[in-house]
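A short write-up of the structure that comes next.
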Amino acid sequence: MDDDILIESSEHKLNLRNLELSDYHNLKEIMDLLYPDMGGAWPEKKFRSQLNNFPEGQICIEDHGKVVAAAFSLIVDYDKFGDHHTYDEITGDAYLTTHDPLGDVLYGAEVVVHPDYQGMRLGRRLYEARKELCQNLNLKSIVAGGRIPNYQHHADKMSPQKYIELVKKKEIYDPILTFQLSNDFEVRRVLNEYLPEDKESKGYATLLEWTNLYYESDKSPLFGAVKKTARVGCVQWQMRPLGSVDELIQQVEFFIDALSDYQCDLTLLPEFFNAPLMGIEKHQSSIDSIKALAEFSADIIEAISHLAVTYNINIIAGSLPLIEDKQLYNVSYFCRRDGTIESQYKIHPTPHEKSAWIMQGGNQLNVFDTDFGKIGILICYDIEFPELARLQSEQGMQILFVPFWTDTKNAYLRVRCCAQARAIENECYVAISGSVGNLPNVDGADIQYAQSAVFSPSDFSFPHDAIMAETTPNTEMTLIVDLDLEKLNTLQNQGSVRNYLDRRRDLYRINWLGDKD
């Protein structure tokens, strides 16, 4: 007999693979059959969101091309949720928006097997595939909340704890718990109101765990570990006439020295803090002035990088003009205390910068790793475009630094109000730093208005007005603030509102179309 005919006529042809969007109609059929009293199948938008957030974790078994069983999972930082959670909380209402690629636990969201295929041990195959995924991703364990549907027949006679003990002893059979125990899962505790609509289980569930024996943890170093707090220092910079780059650096070093003595982790300088150097010589036009200023930038960054290493402090060197390929840009330099330097170009030059200086916008958006967490930088006007901070937030940004340069109070308030909004909507800290005083001999820099500040999200763990601290307006001074980064994790998962978790990624998202590197 021809082999192809034999294969096509065989009763089953099973294949394990990842789910695809085209599988939804098969999945819907299964879930409608299994859960007629719990709303049936997920809507397609949830399925689409699951595939978008963690495609590798959504697996299925097909028979002759038709999906007949499936398992859904996500990765979570389990400490953020702990043992007291509901299904909707930890799975993002099944949208899997809580998926965290940097998490440590694979969380089982669902396993379904078509009624016609139950008894063929397809659930075991899916569980084994999950275990393999957990090991390949080097995750600590698999955790799941398990229904106990047969509890409905015993609820009037015993507690769920007693029921679980009898199932363990095989004195009572439960189709789900018995199966999970036979697959090496252990019950950690009973969850109440885990899935309130589960009438069969009376809202109860078991919290189960399978431990990955091959997990290799990264041991915390004895020194140099990433800190959970950060002390930041903002310099509210006084514009004053200067005669050379050396005088500028001398003034910068004064502040760096002071903030280093207070053991700050990072110093933030304002946008164009080097503007006084435009007054060293007279220029024919504003373009000539800014181009002349750009000639000092390389020496300034070299000197500030040296200060960062010498004083053991990270420095965001405000911003400086840069001429690159004959184009003028506004660039913020991040000088780490280990001697490395990275940069963030201003994406949106202001109308004045474009008309008076012919300044171009950059086309990259970065998030920087530091020895205390992930940070972002947006220069002045960029903070007024919420998409940028949202994209940085999606990459794990915890603190956003905004060097700014504003001349009038209304200009300053645009920066301030937008910075506060970014802190609340992205559940992060935002530090802003500006300059004060006047430069009568510098075109376009004759007056300054600033009140530097550090803003927080708005919830009970933070100041009542969501302002960590702020300076006296228009006075040269420093602002030193301690930021607890662990509070951000708590807020994200247990806050009064949870912007990150509740964001409807199934309906909308922001995509970066510019350069990736």
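The number of heavy atoms from other shown groups lying within 6.0 Å of CD (E302) does not exceed 12. Within 6.0 Å of the CD atom in Q395, the count of heavy atoms belonging to other residues, nucleotides or ligands exceeds 12. When the shell of 6.0 Å around CD of Q284 is examined, it contains 12 or fewer heavy atoms from other residues, nucleotides or ligands.
Residues T408 and N410 have side chains that bring a donor and an acceptor to within less than 3.5 angstrom of each other. A donor atom on one side chain and an acceptor atom on the other are not found under 3.5 Å apart for Y508 and R504. Q392 and N426 form no side-chain donor-acceptor contact under 3.5 Å, judged by distance and modelled atom types alone. With 3.5 Å as the limit, one finds a donor-acceptor pair spanning the side chains of T340 and D338.
L439 and A275 get closest at one heavy-atom pair: CD1-C, 4.2 Å. Minimum interatomic distance between M468 and P463 (heavy atoms only, all atoms of both residues): SD-CD, 3.6 Å. Here the closest non-hydrogen pair linking I304 and C335 is CG2-SG, 4.1 Å. L96 approaches A109 most closely through the heavy-atom pair CD2-CB, 4.3 Å. Scanning all heavy atoms of the two residues, the minimum distance from V436 to N474 falls at CG1-CA, 3.4 Å. Considering all non-hydrogen atoms of both residues, N18 and G57 come closest at ND2-N, 4.5 Å.
For I480, the side chain to side chain contact (heavy atoms under 4.5 Å, CB included) partners at least two apart in sequence or on another chain are R231, L259, Y262, C264. Residues passing the ring-ring contact (aromatic ring centres under 6.0 Å, His included) test with F455, sequence neighbours excluded: none. With sequence neighbours excluded, no residue forms a salt bridge (charged side-chain N to carboxylate O under 4.0 Å, His left out) with R509. The side chain to side chain contact (heavy atoms under 4.5 Å, CB included) search around K291 returns I287, I323, not counting sequence neighbours. Scored by the side chain to side chain contact (heavy atoms under 4.5 Å, CB included) test, V309 finds no partners at all (sequence neighbours excluded). Qualifying ring-ring contact (aromatic ring centres under 6.0 Å, His included) partners for F54, counting only residues two or more places apart in sequence or in other chains: H99.
For the atom pair CD of E110 and CD of Q58, the computed distance is 11.0 Å after rounding to the nearest 0.5 Å. Separating the CG atom in N330 from the CD atom in Q344 is a distance of 10.5 Å, to the nearest 0.5 Å. We find the CG-CG distance between L207 and L191 to be 5.0 Å, quoted to the nearest 0.5 Å.
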Checklist entry - So F81 and T98, side-chain contact (heavy atoms from CB on, under 4.5 Å) or not? Walk me through it. => result CA-CA 10 Å; F81 297 92; T98 49; 4.0 Å; yes
Next on the checklist: Run the side-chain contact (heavy atoms from CB on, under 4.5 Å) test on Q420 and I467 for me, step by step, so that the C-alpha distance in whole Å, both residues' side-chain angles and the decisive distance to 0.1 Å come before the verdict.
Outcome noted: CA-CA 8 Å; Q420 287 186 283; I467 302 172; 3.9 Å; yes
Next on the checklist: Checking L74 against N53 for the side-chain contact (heavy atoms from CB on, under 4.5 Å) test, could you report, in this order, the C-alpha distance in whole Å, the side-chain angles of both residues, the deciding distance, and whether it holds?
Outcome noted: CA-CA 8 Å; L74 65 154; N53 284 302; over 6 Å; no
Next on the checklist: Could you walk me through whether Y345 and Q360 satisfy the side-chain contact (heavy atoms from CB on, under 4.5 Å) test, starting with their C-alpha distance in whole Å, then the side-chain angles of each, then the deciding distance to 0.1 Å, before giving a yes or no?
Outcome noted: CA-CA 10 Å; Y345 286 52; Q360 307 298 312; over 6 Å; no
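Pairs engaging residues 311-332 under the salt bridge (charged side-chain N to carboxylate O under 4.0 Å, His left out) rule: none recorded [sequence neighbours left out]. Residue pairs satisfying the salt bridge (charged side-chain N to carboxylate O under 4.0 Å, His left out) criterion with at least one member in residues 42-59, sequence neighbours excluded, are listed as follows: E44-R48, K46-D93. A salt bridge (charged side-chain N to carboxylate O under 4.0 Å, His left out) check over residues 492-502, counting only residues at least two apart or in different chains, returns nothing. Every pair passing side chain to side chain donor-acceptor pair (under 3.5 Å) that includes a residue from residues 248-260 is listed here, sequence neighbours excluded: E253-Y311. For residues 95-109, the set of pairs meeting the salt bridge (charged side-chain N to carboxylate O under 4.0 Å, His left out) definition, not counting sequence neighbours, comprises K80-D100, D104-K140.
Here the side chains of D459 and S496 are in contact, with some heavy-atom distance below 4.5 Å. Counting only heavy atoms from C-beta outward, the side chains of L328 and E353 never approach each other to under 4.5 Å. A heavy-atom distance below 4.5 Å is found between the side chains of N138 and Y215. Considering only heavy atoms from C-beta on, N489 comes within 4.5 Å of E486 through its side chain. Between R130 and W210, every side-chain heavy-atom pair lies at or beyond the 4.5 Å cut-off. Residues F462 and L491 are in side-chain contact: their nearest non-hydrogen atoms beyond the backbone lie under 4.5 Å apart. By the 4.5 Å heavy-atom criterion applied to side chains, P403 and S433 are not counted as neighbours. Counting heavy atoms from C-beta outward, Y95 and W42 have side chains that stay 4.5 Å or more apart.
S332 places a side-chain N or O within 3.5 Å of a backbone atom of G318 that can act as its donor or acceptor partner. E209 contributes no side-chain N or O that, together with a main-chain N or O of E186, makes up a donor-acceptor pair within less than 3.5 Å. Between the Q236 side chain and the T472 main chain, a donor and an acceptor come within less than 3.5 Å of each other. In this structure, S297 contributes its side chain and E295 its backbone to no donor-acceptor pair below 3.5 Å. With T471 contributing its side chain and S452 its backbone, the two residues share a donor-acceptor pair below 3.5 Å. Judged by distance alone, the side chain of D407 and the main-chain N or O of Y449 form no donor-acceptor pair under 3.5 Å.
Aromatic ring pairs are classed by plane angle as parallel below 30°, tilted from 30° to 60° and perpendicular above 60°; the pair Y412 and F404 is tilted.
Checking I300, V331, L293 one by one against L320, the side-chain contact (heavy atoms from CB on, under 4.5 Å) holds for a single residue, I300. Shown are W237, W405, F296, F255; of these, the ring-ring contact (aromatic ring centres under 6.0 Å, His included) with F273 is made only by W237. Of the residues listed (D371, D265, T370), the one engaging K227 in a side-chain hydrogen bond (donor to acceptor under 3.5 Å, both in side chains) is D265, and it is the only one.
Between Y78 and Y107, the distance from one ring center to the other does not fall under 6.0 angstrom.
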Side-chain donor-acceptor pairs under 3.5 Å in residues 372-389, sequence neighbours left out?
residue : atom : partner : partner atom : Å
K374    : NZ   : D369    : OD1          : 2.7
D382    : OD1  : I347    : N            : 3.4
D382    : OD1  : H348    : N            : 2.7
D382    : OD1  : H348    : ND1          : 2.9
D382    : OD2  : I347    : N            : 2.7

